[in-house]
Q: 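Before I ask anything, let me first share the structure, which is written out below as structure tokens.
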Amino acid sequence: MTLPAFNPAFRKDGSPIPSDSCQFPDALGEPSARKCGFLGFTLLEVMVALTVLAVGAALTLSLISGSLGNIRKVQLRTRTVEQAQSVMELALLDESVTRPITFNGDFEDGTRWFVRVEEYALPDAQTQLRDQARQNMPVRLFQYTVEMLSPGSRAPDYRLQTLKLVRAQPEEQPSRLQR
């Protein structure tokens, strides 16, 4: 019977003999598992890695959620502005408006709108000159104001204003033969 060749890295029973590096402790005072031939992660290392991964995933999801909320707000604001523009265009195209008036309505999504048409007074003109100009002009200057209120809102979310020259009603127009 022949004996197998003797290998100094193993004992006679086949178990590995620890190298000299396993006999010296590392910085924490324990022999290094990797130096001793044991590969893998400790439970503590796995827990720390999972914790870092969970914190990273939570931060990423919160950023995405916040971005989606901001996108929704921008979409609502854009829709409100577009609705205000369409209401203003329709009000300006209405030729039957020849005097101050207020009217309102709402959209299917619950957004309410108000249109106010008021006479516009020139801010720096003197009263006498303004009255003379009004008598001699066949047009009047109106200020159109559109206010948009979102559902459940008490104050206007968006306000749009413009000026329009409106032909004076026939009874308001001065006779050209007056002296």
Side-chain angles (χ1 to χ4, degrees), residues 1-94 97 100-118 120 123-124 142-164:
M1 179 166 158
T2 24
L3 293 171
F6 176 74
N7 186 346
F10 294 94
R11 295 192 180 118
K12 289 184 181 181
D13 61 353
S15 64
I17 299 174
S19 67
D20 289 341
S21 63
C22 288
Q23 296 173 357
F24 297 106
D26 62 2
L28 297 175
E30 298 180 4
S32 173
R34 290 200 173 112
K35 291 180 184 176
C36 298
F38 304 111
L39 297 176
F41 296 104
T42 64
L43 181 60
L44 181 62
E45 290 172 329
V46 171
M47 294 298 287
V48 167
L50 288 176
T51 302
V52 169
L53 181 66
V55 168
L59 289 175
T60 302
L61 290 176
S62 70
L63 287 174
I64 291 172
S65 174
S67 296
L68 290 175
N70 289 338
I71 288 171
R72 177 74 177 145
K73 287 178 186 177
V74 168
Q75 286 175 340
L76 289 174
R77 179 73 172 178
T78 302
R79 185 176 65 208
T80 301
V81 169
E82 289 172 354
Q83 289 173 340
Q85 288 174 342
S86 67
V87 168
M88 178 64 83
E89 288 172 4
L90 290 173
L92 289 171
L93 289 173
D94 187 1
V97 176
I101 190 171
T102 301
F103 48 98
N104 59 21
D106 58 346
F107 289 98
E108 291 178 2
D109 64 354
T111 303
R112 295 173 294 158
W113 55 267
F114 297 91
V115 176
R116 275 192 336 265
V117 179
E118 303 167 327
Y120 183 74
D124 56 354
F142 284 129
Q143 177 177 347
Y144 282 68
T145 303
V146 173
E147 293 180 340
M148 304 295 291
L149 285 85
S150 61
S153 176
R154 294 181 185 265
D157 296 327
Y158 187 73
R159 180 176 292 136
L160 192 59
Q161 291 182 326
T162 192
L163 298 174
K164 178 182 177 184

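What you are looking at is a predicted structure, and each value in this text was computed from that prediction instead of being measured. Just the heavy atoms: all of them, side chains too, but no hydrogens, waters or symmetry mates, feed the values below.
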Q: Could you tell me the separation between the CG atom of D109 and the OG1 atom of T80, rounded to the nearest 0.5 Å?
A: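 Answer rounded to 0.5 Å: 7.5 Å.
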
Q: Under 3.5 Å, side chain of T51 to main-chain N/O of M47, donor-acceptor pair present?
A: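 Confirmed, T51 side chain pairs with M47 backbone.
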
Q: Please report the interatomic distance CD(E147) to CZ(F114), rounded to the nearest 0.5 Å.
A: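 Going from the CD atom of E147 to the CZ atom of F114 covers 8.0 Å.
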
Q: Step by step, would you call F107 with V87 a side chain to side chain contact (heavy atoms under 4.5 Å, CB included)?
A: CA-CA 10 Å; F107 289 98; V87 168; 3.7 Å; yes

Q: How long is the span from the CG atom in D106 to the CZ atom in R112, to the nearest 0.5 Å?
A: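 Result: 8.5 Å between the selected atoms.
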
Q: About how many Å separate CD1 of I64 and CD1 of I71, when rounded to the nearest 0.5 Å?
A: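 One finds 10.5 Å between CD1 of I71 and CD1 of I64.
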
Q: What distance do T111 atom OG1 and M148 atom CE have between them, rounded to the nearest 0.5 Å?
A: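 Those atoms lie 6.0 Å apart.
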
Q: Write down the atom of M88, the atom of L160, and the distance for their closest heavy-atom approach.
A: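 That would be CE-O, 3.4 Å.
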
Q: Could you walk me through whether Y158 and R77 pass the side chain to side chain contact (heavy atoms under 4.5 Å, CB included) check?
A: CA-CA 9 Å; Y158 187 73; R77 179 73 172 178; 3.6 Å; yes

Q: If we ignore angles and hydrogens, is there a donor and acceptor under 3.5 Å between the side chains of D157 and S150?
A: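 Judged by distance alone, the side chains do pair up.
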
Q: Look at the aromatic rings of W113 and F103 and report parallel, tilted or perpendicular, splitting at 30° and 60°.
A: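 Perpendicular: the ring planes of W113 and F103 meet at over 60°.
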
Q: Mind checking the CD-CG spacing from E89 to L92? Nearest 0.5 Å is all I need.
A: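 Rounded to the nearest 0.5 Å, the CD-CG separation comes out at 8.0 Å.
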
